[in-house]
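First up is the structure itself, then whatever we jot down about it.
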Amino acid sequence: MNLRPKRRTVTDPIESGSLSDLAFLLIIYFIVIAGFNVNLGYLLNLPSKDSQRMVNTQDLIRLKLNETGDLYLGDEVLSLPGMETTLKEGIGRRPNLTVLLSINSACPWQRVVDVIGAAQRTQVENFSFKMENL
Amino acid sequence: MTLKRKRRTLPSVPISAMSDIGFLLLIFIMLVSLINYRQEVKIEYPEAQQIHKTQAEHNFEIWVNPQGGVFYKGKPLNSQELEALLVETYTLHPDQRIHIIADKNTPYVHLAGVMEILQLLQHRVVSLVIKES
């Protein structure tokens with residue numbers, strides 16, 4: 001006579017085998033979401049409010065952004081690649097080149113960012129910007 | 001004499017606890033991402049190429065919408081409130097990095113106002129937040 005107790009086979013009414021897969025997928029999703037809050041952009045050094053700097057007028061390039069975002073060098077309209085070429089040529093001739101960008105108060109922020117980006121690409125050391133009529 | 005062969009049991013790694021570990025990890029990461037959650041203002045980010053990471057250990061994000069409204073953690077602020085908040089956070093974390101997150105169509109005058117406050121408070125390094133195009 002077999003007196004050994006019969007082993008009960010446990011059946012899982014809900015398939016839980018795929019739950020761990022689901023949990024790990026959710027983990028990956030949340031890790032990705034948590035990594036989204038990384039700010040990218042440009043780092044700028046703000047000068048102090050009353051700092052003044054002597055610049056040789058020959059080393060100075062004055063650029064202007066008007067209310068629609070058009071870029072001017074004097075009376076001449078400049079494209080962004082045109083600005084980069086002008087600045088690169090300028091740096092070649094005058095290593096202490098200083099670029100002063102004067103921005104119209106209504107100029108869209110995107111255009112300002114474009115010009116700052118173009119100036120950073122040319123690696124001009126002295127670049128400053130201010131609002132027009134300030 | 002019994003000639004019955006002993007049944008060999010195959011070596012196995014118990015994986016039944018894997019789903020428990022998975023769910024614990026899930027709860028942990030969900031909580032971490034909730035802490036990391038930031039209240040955003042609806043803006044269209046300006047776009048540029050060759051940008052780099054400007055995130056620091058302590059960050060202070062100033063949001064500017066197209067109408068010139070200034071927000072911090074989703075709360076609108078006027079210039080006095082912003083100034084007071086900047087002073088307060090600077091005393092807590094002097095190494096705090098300021099991020100300006102503005103809509104691409106925001107007129108420059110509104111950003112100039114924010115930058116003027118930062119200049120007044122002697123904040124030297126400012127991050128202009130941009131999306132990579």
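Numbered from 1 within each chain, the chains take letters A, B, ... in sequence-line order. Model, not experiment: these values are computed from the prediction.
Residues B/T54 and B/S127 come closest through the heavy atom pair OG1-OG, 3.0 Å. A/V124 and A/F127 make their closest contact through CG1-CB, 4.1 Å (heavy atoms, listed as atom of the first residue, atom of the second, distance).
Heavy atoms of B/H123 lying under 4.5 Å from chain A belong exclusively to its backbone. Using a 4.5 Å cut-off between heavy atoms, B/L111 contacts chain A through its side chain alone, with no backbone atom that close. When heavy atoms are compared at a cutoff of 4.5 Å, A/D114 approaches chain B solely by way of its side chain, counted from C-beta outward. Only the side chain of B/H99 comes within contact range of chain A, judged by heavy atoms closer than 4.5 Å. In this structure, chain A has no heavy atom under 4.5 Å from any part of B/N59. Only the side chain of B/E61 comes within less than 4.5 Å of a heavy atom of chain A; its backbone N, CA, C and O stay farther away. Of the two parts of A/I28, neither the backbone nor the side chain holds a non-hydrogen atom closer than 4.5 Å to a non-hydrogen atom of chain B.
The aromatic rings of B/Y108 and A/W109 sit parallel to each other, their planes meeting at less than 30°, with 60° as the upper class boundary.
Under a 4.0 Å N-O distance rule, the pair A/K64/A/E132 qualifies as a salt bridge.
With no hydrogens or angles considered, no side-chain donor-acceptor pair links A/R121 and A/Q123 at under 3.5 Å.
For the set B/E47, B/Q122, B/H110, B/K131, the entry with the most heavy-atom pairs within less than 4.5 Å of chain A is B/E47. Ranked by heavy-atom pairs shorter than 4.5 Å toward chain A, the options B/V125, B/L26, B/L25 are led by B/L26. Annotation: maximal heavy-atom pairing with chain A below 4.5 Å, among B/Q55, B/E44, B/R124, B/K53, occurs at B/R124. With chain B as partner, the option from A/C107, A/G117, A/G69 having the largest number of non-hydrogen pairs under 4.5 angstrom is A/C107. The greatest number of non-hydrogen atom pairs below 4.5 Å with chain B, out of A/L43, A/L26, A/L40, is found for A/L40.
Under a cut-off of 6.0 angstrom, the local environment of OH in B/Y72 is crowded, with over 12 non-hydrogen atoms contributed by other residues, nucleotides or ligands. In A/R62, the CZ atom is not crowded: 12 or fewer heavy atoms of neighbouring residues, nucleotides or ligands sit closer than 6.0 Å.
For B/F60 and B/H93, the ring centers are positioned 6.0 Å apart or more.
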